[in-house]
Amino acid sequence: MDLIGCSPLDPDLGLGTQIMNFSELPSTQEPNITIIEQPRQRGFHFRYSCEGPTHGGIQGSRVLQNKHTHPAFKVFNYIGPAKIVVQCVTTDEPPLLHVHSVVGKQCTNGICEVYINSNDMIASFPNLGILHVPRRSVAEILEERLVQGWRKENSEGSQLKELTEEEREHIHKAAQQRAKVIDLAVVRLMFTAYLPDNNGTFTLRLEPVLSGPIYDNKVPNTCDLKIVRMDRVCGSAAGGEEMYLLCDKVQKDDIQVRFYEQDENGPLWEAFGKFGPADVHRQYAIVFKTPKYYNNSIKNPVSVLVQLRRRSDGETSDPKPFIYYPPKQDKERVHRKRKKPSQDEPAQNRRQESVNGRGSCILSSITV
DNA sequence: CGGGAAACTAC
DNA sequence: CGTAGTTTCCC
(Lines give C-alpha, C1' and ligand atoms only; values in the text may rest on other atoms or scores of the structure.)
Protein backbone atom coordinates (compact mmCIF):
# COMPACT_ATOMS: atom_id res chain seq x y z
CA MET A 1 0.00 0.00 0.00
CA ASP A 2 2.84 2.30 -0.68
CA LEU A 3 1.11 5.04 -2.51
CA ILE A 4 2.86 7.40 -0.24
CA GLY A 5 6.11 8.86 -1.31
CA CYS A 6 6.15 7.63 -4.87
CA SER A 7 7.80 10.31 -6.85
CA PRO A 8 5.63 11.67 -9.61
CA LEU A 9 8.75 11.90 -11.66
CA ASP A 10 9.49 8.26 -11.48
CA PRO A 11 8.02 6.57 -14.54
CA ASP A 12 7.82 3.24 -12.79
CA LEU A 13 5.85 4.48 -9.87
CA GLY A 14 4.01 7.30 -11.45
CA LEU A 15 0.84 8.57 -9.98
CA GLY A 16 1.53 8.13 -6.36
CA THR A 17 1.34 11.57 -5.03
CA GLN A 18 -2.21 12.26 -4.10
CA ILE A 19 -1.81 10.93 -0.64
CA MET A 20 0.48 12.62 1.78
CA ASN A 21 -0.05 14.40 5.06
CA PHE A 22 0.16 11.18 6.90
CA SER A 23 0.11 11.68 10.62
CA GLU A 24 0.87 9.07 13.19
CA LEU A 25 -1.99 8.02 15.37
CA PRO A 26 -1.74 6.88 18.96
CA SER A 27 -0.92 3.21 18.89
CA THR A 28 -3.37 1.91 21.47
CA GLN A 29 -6.39 0.25 19.90
CA GLU A 30 -5.65 1.92 16.65
CA PRO A 31 -8.59 2.83 14.51
CA ASN A 32 -8.57 0.86 11.32
CA ILE A 33 -10.86 0.21 8.43
CA THR A 34 -12.13 -2.85 6.62
CA ILE A 35 -14.21 -3.44 3.57
CA ILE A 36 -17.27 -5.23 4.86
CA GLU A 37 -18.89 -5.58 1.46
CA GLN A 38 -16.62 -6.00 -1.54
CA PRO A 39 -17.70 -4.63 -4.89
CA ARG A 40 -18.81 -7.26 -7.36
CA GLN A 41 -15.92 -8.38 -9.44
CA ARG A 42 -17.69 -8.86 -12.76
CA GLY A 43 -20.80 -7.83 -14.57
CA PHE A 44 -20.42 -4.11 -14.08
CA HIS A 45 -20.13 -1.83 -17.05
CA PHE A 46 -17.70 1.09 -16.94
CA ARG A 47 -19.19 4.16 -18.61
CA TYR A 48 -17.69 6.79 -20.84
CA SER A 49 -18.43 10.39 -19.96
CA CYS A 50 -20.37 10.67 -23.22
CA GLU A 51 -22.86 8.17 -21.84
CA GLY A 52 -23.98 10.39 -19.05
CA PRO A 53 -23.80 9.75 -15.35
CA THR A 54 -27.03 7.94 -14.67
CA HIS A 55 -26.34 4.32 -15.19
CA GLY A 56 -26.38 2.90 -11.73
CA GLY A 57 -23.77 1.91 -9.28
CA ILE A 58 -21.62 -1.09 -8.77
CA GLN A 59 -23.14 -3.77 -6.60
CA GLY A 60 -21.74 -5.58 -3.65
CA SER A 61 -20.37 -9.05 -4.07
CA ARG A 62 -23.16 -10.76 -2.21
CA VAL A 63 -26.88 -11.02 -2.71
CA LEU A 64 -28.77 -11.04 0.58
CA GLN A 65 -32.47 -11.87 0.75
CA ASN A 66 -32.76 -11.41 -2.96
CA LYS A 67 -31.45 -7.89 -2.67
CA HIS A 68 -28.20 -6.68 -4.04
CA THR A 69 -25.80 -5.25 -1.56
CA HIS A 70 -23.53 -2.27 -2.06
CA PRO A 71 -19.86 -1.81 -1.43
CA ALA A 72 -19.45 -0.81 2.17
CA PHE A 73 -16.80 -0.42 4.71
CA LYS A 74 -16.41 0.25 8.37
CA VAL A 75 -14.12 2.06 10.76
CA PHE A 76 -13.16 0.02 13.78
CA ASN A 77 -11.92 1.24 17.16
CA TYR A 78 -13.24 4.70 16.65
CA ILE A 79 -16.56 6.46 16.83
CA GLY A 80 -16.95 10.02 15.70
CA PRO A 81 -16.68 12.12 12.61
CA ALA A 82 -14.65 10.69 9.77
CA LYS A 83 -14.09 11.51 6.16
CA ILE A 84 -14.04 8.65 3.73
CA VAL A 85 -12.46 8.92 0.33
CA VAL A 86 -12.85 6.42 -2.48
CA GLN A 87 -10.66 6.42 -5.56
CA CYS A 88 -9.83 4.11 -8.42
CA VAL A 89 -6.41 2.52 -8.37
CA THR A 90 -4.72 0.00 -10.61
CA THR A 91 -4.26 -3.68 -9.86
CA ASP A 92 -0.50 -3.23 -9.98
CA GLU A 93 1.61 -3.61 -6.91
CA PRO A 94 2.02 -1.08 -5.59
CA PRO A 95 -1.33 0.33 -6.61
CA LEU A 96 -1.32 3.60 -8.49
CA LEU A 97 -4.11 6.00 -9.10
CA HIS A 98 -6.02 4.92 -12.16
CA VAL A 99 -6.94 7.13 -15.10
CA HIS A 100 -10.47 5.95 -14.58
CA SER A 101 -12.34 7.54 -11.76
CA VAL A 102 -15.33 7.04 -9.55
CA VAL A 103 -18.53 8.85 -10.38
CA GLY A 104 -21.90 8.97 -8.70
CA LYS A 105 -24.00 10.74 -6.16
CA GLN A 106 -21.28 11.10 -3.58
CA CYS A 107 -18.55 11.94 -6.05
CA THR A 108 -17.17 15.15 -7.40
CA ASN A 109 -14.54 15.40 -10.07
CA GLY A 110 -13.22 11.92 -9.89
CA ILE A 111 -13.19 11.15 -6.21
CA CYS A 112 -15.86 10.10 -3.84
CA GLU A 113 -16.00 11.75 -0.47
CA VAL A 114 -18.42 11.04 2.32
CA TYR A 115 -18.56 12.01 5.94
CA ILE A 116 -19.81 9.63 8.56
CA ASN A 117 -20.43 9.94 12.24
CA SER A 118 -22.61 7.13 13.47
CA ASN A 119 -22.59 4.33 15.98
CA ASP A 120 -21.75 1.65 13.49
CA MET A 121 -19.24 3.79 11.58
CA ILE A 122 -20.26 2.10 8.37
CA ALA A 123 -20.10 3.92 5.07
CA SER A 124 -21.94 2.33 2.19
CA PHE A 125 -21.80 3.30 -1.43
CA PRO A 126 -25.00 2.54 -3.32
CA ASN A 127 -24.12 4.62 -6.31
CA LEU A 128 -20.53 4.18 -7.36
CA GLY A 129 -19.86 4.20 -11.06
CA ILE A 130 -16.58 3.86 -12.89
CA LEU A 131 -15.84 6.51 -15.45
CA HIS A 132 -14.01 5.04 -18.43
CA VAL A 133 -11.47 7.35 -19.99
CA PRO A 134 -11.15 7.03 -23.79
CA ARG A 135 -7.93 5.37 -24.82
CA ARG A 136 -6.87 8.33 -26.88
CA SER A 137 -6.98 10.57 -23.81
CA VAL A 138 -5.11 8.33 -21.44
CA ALA A 139 -1.65 9.85 -21.85
CA GLU A 140 -2.96 13.34 -21.62
CA ILE A 141 -4.89 12.66 -18.45
CA LEU A 142 -2.03 10.82 -16.84
CA GLU A 143 0.19 13.75 -17.55
CA GLU A 144 -2.31 16.12 -16.04
CA ARG A 145 -2.43 14.10 -12.90
CA LEU A 146 1.29 13.82 -12.64
CA VAL A 147 1.58 17.54 -12.88
CA GLN A 148 -1.14 17.97 -10.27
CA GLY A 149 0.72 15.59 -8.03
CA TRP A 150 3.91 17.45 -8.54
CA ARG A 151 2.26 20.74 -7.66
CA LYS A 152 0.75 19.33 -4.56
CA GLU A 153 4.03 17.92 -3.43
CA ASN A 154 6.05 20.99 -4.20
CA SER A 155 3.77 23.76 -3.11
CA GLU A 156 3.47 23.02 0.59
CA GLY A 157 1.75 26.00 2.05
CA SER A 158 3.64 28.79 0.44
CA GLN A 159 3.94 29.96 -3.13
CA LEU A 160 3.61 27.44 -5.92
CA LYS A 161 6.64 26.57 -7.93
CA GLU A 162 6.68 25.98 -11.61
CA LEU A 163 8.08 22.88 -13.23
CA THR A 164 11.37 23.19 -14.97
CA GLU A 165 11.50 22.27 -18.61
CA GLU A 166 13.36 19.13 -17.65
CA GLU A 167 10.78 18.05 -15.10
CA ARG A 168 7.98 18.70 -17.51
CA GLU A 169 9.68 16.56 -20.09
CA HIS A 170 10.23 13.81 -17.56
CA ILE A 171 6.58 13.83 -16.59
CA HIS A 172 5.58 13.78 -20.22
CA LYS A 173 7.70 10.69 -20.84
CA ALA A 174 6.40 8.99 -17.73
CA ALA A 175 2.82 9.58 -18.81
CA GLN A 176 3.45 8.25 -22.32
CA GLN A 177 5.13 5.23 -20.85
CA ARG A 178 2.33 4.38 -18.49
CA ALA A 179 -0.36 5.09 -21.03
CA LYS A 180 0.99 2.22 -23.08
CA VAL A 181 0.71 -0.38 -20.35
CA ILE A 182 -2.21 0.70 -18.20
CA ASP A 183 -5.10 -1.73 -18.20
CA LEU A 184 -8.31 0.12 -18.88
CA ALA A 185 -10.45 -2.92 -18.23
CA VAL A 186 -9.84 -3.30 -14.53
CA VAL A 187 -9.71 -1.09 -11.45
CA ARG A 188 -9.71 -1.49 -7.71
CA LEU A 189 -11.33 0.82 -5.23
CA MET A 190 -9.17 2.36 -2.61
CA PHE A 191 -10.89 3.48 0.58
CA THR A 192 -9.14 5.94 2.81
CA ALA A 193 -10.43 7.32 6.07
CA TYR A 194 -9.41 10.59 7.63
CA LEU A 195 -10.08 11.45 11.23
CA PRO A 196 -10.13 14.99 12.59
CA ASP A 197 -7.02 16.39 14.20
CA ASN A 198 -7.00 18.82 17.12
CA ASN A 199 -8.21 21.56 14.87
CA GLY A 200 -11.08 19.48 13.68
CA THR A 201 -9.75 19.14 10.16
CA PHE A 202 -9.55 15.71 8.63
CA THR A 203 -5.84 15.18 8.35
CA LEU A 204 -5.28 11.97 10.29
CA ARG A 205 -5.13 9.42 7.57
CA LEU A 206 -5.71 5.77 8.36
CA GLU A 207 -4.01 3.09 6.33
CA PRO A 208 -6.12 2.72 3.16
CA VAL A 209 -7.75 -0.54 2.15
CA LEU A 210 -8.16 -1.89 -1.35
CA SER A 211 -11.07 -3.72 -2.84
CA GLY A 212 -10.69 -6.72 -5.06
CA PRO A 213 -10.43 -6.12 -8.81
CA ILE A 214 -13.46 -4.85 -10.70
CA TYR A 215 -13.57 -5.88 -14.33
CA ASP A 216 -15.28 -3.88 -17.03
CA ASN A 217 -18.05 -6.04 -18.37
CA LYS A 218 -17.88 -4.34 -21.74
CA VAL A 219 -14.47 -5.78 -22.43
CA PRO A 220 -14.55 -9.21 -24.05
CA ASN A 221 -11.56 -10.65 -22.30
CA THR A 222 -12.82 -9.92 -18.82
CA CYS A 223 -16.58 -9.97 -19.17
CA ASP A 224 -19.00 -12.47 -17.72
CA LEU A 225 -19.29 -15.67 -19.68
CA LYS A 226 -22.74 -16.96 -20.41
CA ILE A 227 -24.26 -19.82 -22.32
CA VAL A 228 -27.45 -18.52 -23.83
CA ARG A 229 -28.68 -21.63 -25.57
CA MET A 230 -27.57 -25.01 -26.86
CA ASP A 231 -29.04 -26.98 -29.70
CA ARG A 232 -28.88 -30.21 -27.77
CA VAL A 233 -28.78 -31.12 -24.15
CA CYS A 234 -27.76 -34.71 -24.49
CA GLY A 235 -25.66 -36.98 -26.64
CA SER A 236 -23.73 -40.19 -27.02
CA ALA A 237 -21.05 -41.10 -24.55
CA ALA A 238 -18.94 -41.85 -27.61
CA GLY A 239 -18.82 -38.10 -28.33
CA GLY A 240 -18.01 -36.65 -31.74
CA GLU A 241 -21.46 -35.19 -32.29
CA GLU A 242 -21.90 -31.71 -33.65
CA MET A 243 -23.36 -29.20 -31.28
CA TYR A 244 -24.25 -25.51 -31.59
CA LEU A 245 -23.97 -23.20 -28.64
CA LEU A 246 -25.06 -19.57 -28.51
CA CYS A 247 -23.33 -17.35 -26.01
CA ASP A 248 -22.59 -13.82 -24.89
CA LYS A 249 -19.56 -12.27 -26.48
CA VAL A 250 -16.44 -14.43 -26.44
CA GLN A 251 -13.08 -14.32 -28.17
CA LYS A 252 -12.49 -17.06 -30.67
CA ASP A 253 -8.92 -17.78 -29.60
CA ASP A 254 -9.60 -17.74 -25.93
CA ILE A 255 -12.66 -19.84 -25.31
CA GLN A 256 -13.32 -23.45 -24.39
CA VAL A 257 -16.41 -25.55 -23.94
CA ARG A 258 -15.86 -27.65 -20.89
CA PHE A 259 -17.83 -30.79 -20.11
CA TYR A 260 -17.35 -31.95 -16.57
CA GLU A 261 -18.61 -33.93 -13.70
CA GLN A 262 -18.03 -33.29 -10.04
CA ASP A 263 -19.18 -34.20 -6.62
CA GLU A 264 -18.83 -32.48 -3.27
CA ASN A 265 -15.21 -33.58 -3.13
CA GLY A 266 -14.35 -31.79 -6.32
CA PRO A 267 -13.90 -32.51 -10.00
CA LEU A 268 -14.26 -36.08 -11.21
CA TRP A 269 -13.89 -35.71 -14.92
CA GLU A 270 -13.57 -33.05 -17.58
CA ALA A 271 -13.19 -32.92 -21.35
CA PHE A 272 -13.46 -30.18 -23.91
CA GLY A 273 -15.62 -29.67 -26.95
CA LYS A 274 -13.58 -29.86 -30.14
CA PHE A 275 -13.47 -26.81 -32.36
CA GLY A 276 -11.15 -24.24 -33.83
CA PRO A 277 -11.26 -20.44 -33.92
CA ALA A 278 -13.14 -20.55 -37.23
CA ASP A 279 -15.96 -22.43 -35.53
CA VAL A 280 -16.69 -19.44 -33.36
CA HIS A 281 -19.20 -17.35 -35.24
CA ARG A 282 -18.84 -13.60 -34.79
CA GLN A 283 -18.08 -13.98 -31.09
CA TYR A 284 -21.59 -15.19 -30.30
CA ALA A 285 -21.87 -18.81 -31.33
CA ILE A 286 -19.68 -21.89 -31.20
CA VAL A 287 -20.03 -25.01 -33.31
CA PHE A 288 -18.11 -27.94 -31.91
CA LYS A 289 -18.00 -31.70 -31.50
CA THR A 290 -18.93 -33.17 -28.17
CA PRO A 291 -16.09 -34.88 -26.34
CA LYS A 292 -16.43 -38.52 -25.47
CA TYR A 293 -17.30 -39.51 -21.98
CA TYR A 294 -14.44 -41.23 -20.18
CA ASN A 295 -16.49 -44.36 -19.85
CA ASN A 296 -17.98 -45.17 -23.22
CA SER A 297 -19.60 -48.36 -22.05
CA ILE A 298 -21.99 -46.80 -19.61
CA LYS A 299 -25.25 -48.69 -19.27
CA ASN A 300 -27.34 -45.79 -18.03
CA PRO A 301 -27.53 -42.12 -18.84
CA VAL A 302 -25.07 -39.94 -16.97
CA SER A 303 -25.67 -36.31 -16.07
CA VAL A 304 -22.79 -33.96 -16.56
CA LEU A 305 -22.41 -30.20 -16.92
CA VAL A 306 -21.24 -27.92 -19.70
CA GLN A 307 -19.75 -24.51 -19.23
CA LEU A 308 -17.77 -21.94 -21.16
CA ARG A 309 -14.27 -21.40 -19.97
CA ARG A 310 -11.87 -18.63 -20.82
CA ARG A 311 -8.41 -20.01 -21.31
CA SER A 312 -6.54 -16.84 -20.36
CA ASP A 313 -7.95 -16.32 -16.90
CA GLY A 314 -9.77 -19.57 -16.20
CA GLU A 315 -13.11 -17.80 -15.75
CA THR A 316 -16.13 -19.97 -16.31
CA SER A 317 -19.79 -19.47 -17.08
CA ASP A 318 -22.65 -20.90 -15.10
CA PRO A 319 -23.03 -24.50 -16.21
CA LYS A 320 -25.84 -26.09 -18.18
CA PRO A 321 -26.83 -29.71 -17.73
CA PHE A 322 -25.95 -32.27 -20.36
CA ILE A 323 -26.72 -35.96 -20.46
CA TYR A 324 -24.57 -38.72 -21.92
CA TYR A 325 -26.34 -41.78 -23.20
CA PRO A 326 -24.85 -45.21 -23.72
CA PRO A 327 -23.40 -45.28 -27.22
CA LYS A 328 -25.05 -47.67 -29.67
CA GLN A 329 -22.68 -49.21 -32.14
CA ASP A 330 -24.75 -52.20 -33.02
CA LYS A 331 -26.32 -51.54 -36.43
CA GLU A 332 -29.07 -54.08 -36.03
CA ARG A 333 -30.06 -52.71 -32.70
CA VAL A 334 -30.12 -49.28 -34.24
CA HIS A 335 -32.61 -50.31 -36.87
CA ARG A 336 -34.72 -52.08 -34.41
CA LYS A 337 -34.78 -49.06 -32.17
CA ARG A 338 -35.55 -46.62 -34.93
CA LYS A 339 -38.68 -48.48 -35.78
CA LYS A 340 -39.83 -48.96 -32.28
CA PRO A 341 -38.16 -47.38 -29.29
CA SER A 342 -38.29 -49.87 -26.50
CA GLN A 343 -40.60 -49.37 -23.58
CA ASP A 344 -37.91 -49.55 -20.97
CA GLU A 345 -36.11 -46.57 -22.35
CA PRO A 346 -35.70 -44.17 -19.42
CA ALA A 347 -38.51 -41.68 -19.16
CA GLN A 348 -36.02 -38.88 -19.22
CA ASN A 349 -35.08 -39.84 -22.73
CA ARG A 350 -38.48 -39.20 -24.04
CA ARG A 351 -38.76 -35.96 -22.22
CA GLN A 352 -35.52 -34.75 -23.71
CA GLU A 353 -36.68 -35.90 -27.08
CA SER A 354 -39.61 -33.55 -27.05
CA VAL A 355 -37.58 -30.67 -25.75
CA ASN A 356 -34.78 -31.03 -28.20
CA GLY A 357 -35.64 -29.13 -31.35
CA ARG A 358 -32.81 -30.53 -33.35
CA GLY A 359 -34.08 -34.05 -33.22
CA SER A 360 -34.23 -36.86 -30.82
CA CYS A 361 -31.41 -37.38 -28.41
CA ILE A 362 -31.96 -41.06 -28.88
CA LEU A 363 -31.48 -40.86 -32.58
CA SER A 364 -28.54 -38.54 -32.27
CA SER A 365 -26.88 -40.92 -29.95
CA ILE A 366 -27.42 -43.77 -32.34
CA THR A 367 -26.26 -42.04 -35.45
CA VAL A 368 -22.61 -42.61 -36.25
C1' DC B 1 -31.54 2.27 -14.54
C1' DG B 2 -29.53 -1.60 -17.73
C1' DG B 3 -28.81 -3.24 -22.00
C1' DG B 4 -28.24 -3.71 -27.00
C1' DA B 5 -26.63 -1.99 -31.00
C1' DA B 6 -24.79 1.47 -34.17
C1' DA B 7 -20.79 3.98 -35.50
C1' DC B 8 -16.23 4.53 -35.75
C1' DT B 9 -11.28 2.80 -35.66
C1' DA B 10 -7.37 -0.14 -36.27
C1' DC B 11 -5.65 -3.78 -38.01
C1' DC C 1 -12.61 -6.43 -47.68
C1' DG C 2 -13.73 -8.77 -42.65
C1' DT C 3 -13.08 -9.06 -37.88
C1' DA C 4 -12.68 -7.34 -33.51
C1' DG C 5 -11.95 -3.56 -30.34
C1' DT C 6 -13.52 0.98 -28.87
C1' DT C 7 -16.73 4.68 -28.36
C1' DT C 8 -21.12 6.63 -28.81
C1' DC C 9 -25.95 6.44 -29.07
C1' DC C 10 -30.38 5.36 -27.74
C1' DC C 11 -34.36 2.56 -26.28
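Proteins come first, then strands; the chains are lettered A, B, ... in the order of their sequence lines, and each starts at number 1. Every heavy atom of this structure was used, including side-chain atoms; hydrogens, water molecules and symmetry mates were not.
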Side chain of [X]: nearest nucleotide among [options]?
X: A:Tyr48; options: C:dA4, C:dT8, C:dC10; result: C:dT8
X: A:His132; options: C:dT7, C:dT6, B:dG3; result: C:dT7
X: A:Thr54; options: B:dC1, C:dT7, C:dG5; result: B:dC1
X: A:Gln283; options: C:dT6, C:dC9, C:dA4; result: C:dA4
X: A:Asn127; options: B:dC1, C:dG5, B:dA5; result: B:dC1
X: A:His55; options: C:dT6, B:dC1, B:dG2; result: B:dG2

Legend entry - Side chain to side chain, A:Leu163 and A:Arg151, heavy atoms closer than 4.5 Å: yes

Inset, instruction - Go through A:Asp183 and A:Arg188 one step at a time and tell me if the salt bridge (charged side-chain N to carboxylate O under 4.0 Å, His left out) criterion holds. - result: CA-CA 11 Å; A:Asp183 190 346; A:Arg188 285 188 287 182; over 6 Å; no

Over how many whole Å does the gap from [X] atom [atom1] to [N] atom [atom2] extend?
X: A:Lys252; N: C:dT3; atom1: NZ; atom2: P; value: 8 Å
X: A:Gln251; N: C:dT6; atom1: CD; atom2: C1'; value: 13 Å
X: A:Leu184; N: C:dT6; atom1: CG; atom2: C1'; value: 10 Å
X: A:Asp216; N: C:dT8; atom1: CG; atom2: P; value: 14 Å
X: A:Asp254; N: C:dA4; atom1: CG; atom2: P; value: 13 Å
X: A:Asp248; N: B:dG3; atom1: CG; atom2: C1'; value: 11 Å
X: A:Tyr284; N: C:dG2; atom1: OH; atom2: P; value: 18 Å
X: A:His45; N: C:dC10; atom1: NE2; atom2: P; value: 16 Å

Legend entry - Near-ring test A:Phe259/A:Tyr293, centroid separation under 6.0 angstrom: no

Legend entry - Side-chain N or O of A:Arg135 closer than 4.0 Å to phosphate OP1/OP2 of B:dC8: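 No.
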
Legend entry - N/O (side chain, A:Arg282) to phosphate O (OP1/OP2, C:dA4) under 4.0 Å: no

Legend entry - Sidechain N-carboxylate O distance under 4.0 Å for A:Glu241, A:Arg232: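 So A:Glu241 pairs with A:Arg232 through a salt bridge.
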
Legend entry - Residues A:Glu315, A:Arg310: salt bridge by 4.0 Å N-O rule: no

Legend entry - hbond_proxy A:Arg47 side chain to B:dG3 base (donor-acceptor, 3.5 Å cutoff):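 Present.
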
